[in-house]
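Beneath this line is the structure, given in structure tokens, with notes to follow.
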Amino acid sequence: MDDTTPPPRGPRPAPGRTTAQTTQERTLVRECAWCGTPIELRPRAGHQRYCTRSCRQRAYEVRTAAVRHGRDLAAGTARDPQEPVREVVERHTVRTVVRRSPVVPLPSWPQTPVPPPEPEPPVRPRPRGIRPTPPAPPPPAAAAFGFGPAADRGLGQDAVQRLREIAARIRTRAIPTADHPDILAAAGEILTELSAATPGGLDALTRRLPPPRH
């Protein structure tokens, strides 16, 4: 069908009748009047202009801001934006004066001469075939206090006497308290050795104790 062909005609109304034609339009999508977000309008919400309540509130504030500001200016509760802001400034000036004092040289103290180090004695060469004699071992601690296999038969009584002397010194506070842990450790070693050397252990040894002295 070319452009010169007339459009087809509809059915002609019957004689004596009137035909009415009605056209309805409905907006489907509208942009938000504040943020521009597309809004899909529902059939009964064709008047909606904002996508959310926050956009509607902001638009309302903008529309009524000039009216409210003029009302506040007339009431004296707002200031004109063209009026300069008045400020009260407090200023402190600190002036520091630096005065240079004359440099006083420090007194020179006499230096004590350091004596030269003493020369080391020359090392004599050892003759061949002669081995150095090893140093004698130190005497054991038991022999130094009178203990050991070479002691006499009164060794036990001597040990008892020394232990009683130590007990008396502890009683009179003659031995410092800093040495008490070492004394306790030594006493524990003595009790351990006595338990191992006595048949029946410390229980049998306790039954053989002499009566206490008064």
Side-chain angles (χ1 to χ4, degrees), residues 1-117 170 173 175-192 195-196 202:
M1 182 183 295
D2 53 2
D3 297 339
T4 59
T5 304
R9 298 180 179 179
R12 296 182 178 182
R17 295 183 180 182
T18 304
T19 302
Q21 183 177 353
T22 303
T23 303
Q24 296 181 356
E25 294 182 357
R26 185 173 67 88
T27 306
L28 301 180
V29 179
R30 178 184 298 160
E31 292 184 352
C32 178
W34 178 258
C35 64
T37 303
I39 307 172
E40 295 184 1
L41 301 177
R42 293 174 295 177
R44 297 185 179 181
H47 62 281
Q48 185 177 356
R49 299 181 56 191
Y50 305 100
C51 60
T52 58
R53 292 183 178 179
S54 61
C55 291
R56 183 174 58 185
Q57 179 65 25
R58 293 177 183 177
Y60 170 78
E61 292 176 357
V62 171
R63 291 195 309 268
T64 59
V67 178
R68 288 185 284 107
H69 187 253
R71 189 186 310 115
D72 293 342
L73 283 176
T77 57
R79 57 181 303 276
D80 189 355
Q82 303 298 331
E83 182 182 354
V85 179
R86 298 177 178 83
E87 297 178 350
V88 177
V89 180
E90 182 179 3
R91 179 178 301 173
H92 297 275
T93 303
V94 179
R95 180 176 299 176
T96 304
V97 179
V98 179
R99 298 179 180 179
R100 296 184 178 181
S101 58
V103 179
V104 179
L106 297 177
S108 57
W109 301 96
Q111 299 181 359
T112 304
V114 179
I170 294 175
R173 307 296 190 274
I175 297 179
T177 56
D179 297 335
H180 290 180
D182 297 337
I183 296 175
L184 180 61
E189 294 179 5
I190 293 175
L191 293 176
T192 302
S195 177
L202 293 179

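Considering CD of Glu189 and CG of Leu184, their distance stands at 10.5 Å, rounded to 0.5 Å.
Looking at residues two or more places apart in sequence or on another chain, you find no side chain to side chain contact (heavy atoms under 4.5 Å, CB included) involving Thr23. Partners of Glu90 by side chain to side chain donor-acceptor pair (under 3.5 Å), not counting sequence neighbours, listed by chain and number: His92. For Ile175, the side chain to side chain contact (heavy atoms under 4.5 Å, CB included) test picks out Ile166, Arg169, Ile170, Asp179, His180, Ile183, with sequence neighbours left out. For Glu83, the salt bridge (Lys or Arg N to Asp or Glu O under 4.0 Å) partners at least two apart in sequence or on another chain are Arg86. For Thr52, the side chain to side chain donor-acceptor pair (under 3.5 Å) partners at least two apart in sequence or on another chain are Ser54.
Within the structure, no pair that satisfies the salt bridge (charged side-chain N to carboxylate O under 4.0 Å, His left out) test touches residues 49-78, not counting sequence neighbours. Note on residues 21-42: no pairs pass salt bridge (charged side-chain N to carboxylate O under 4.0 Å, His left out), not counting sequence neighbours.
The minimum heavy-atom distance between Cys51 and Cys32, with the atom names listed, is N-SG, 3.4 Å. For the pair Ile39 and Tyr50, the tightest heavy-atom approach, listed with the atom from each and the gap, is CD1-C, 3.5 Å. Across all non-hydrogen atoms, the minimal contact from Val29 to Pro38 is CG1-CB, 4.0 Å.
In this structure, Thr192 contributes its side chain and Gly188 its backbone to a donor-acceptor pair below 3.5 Å.
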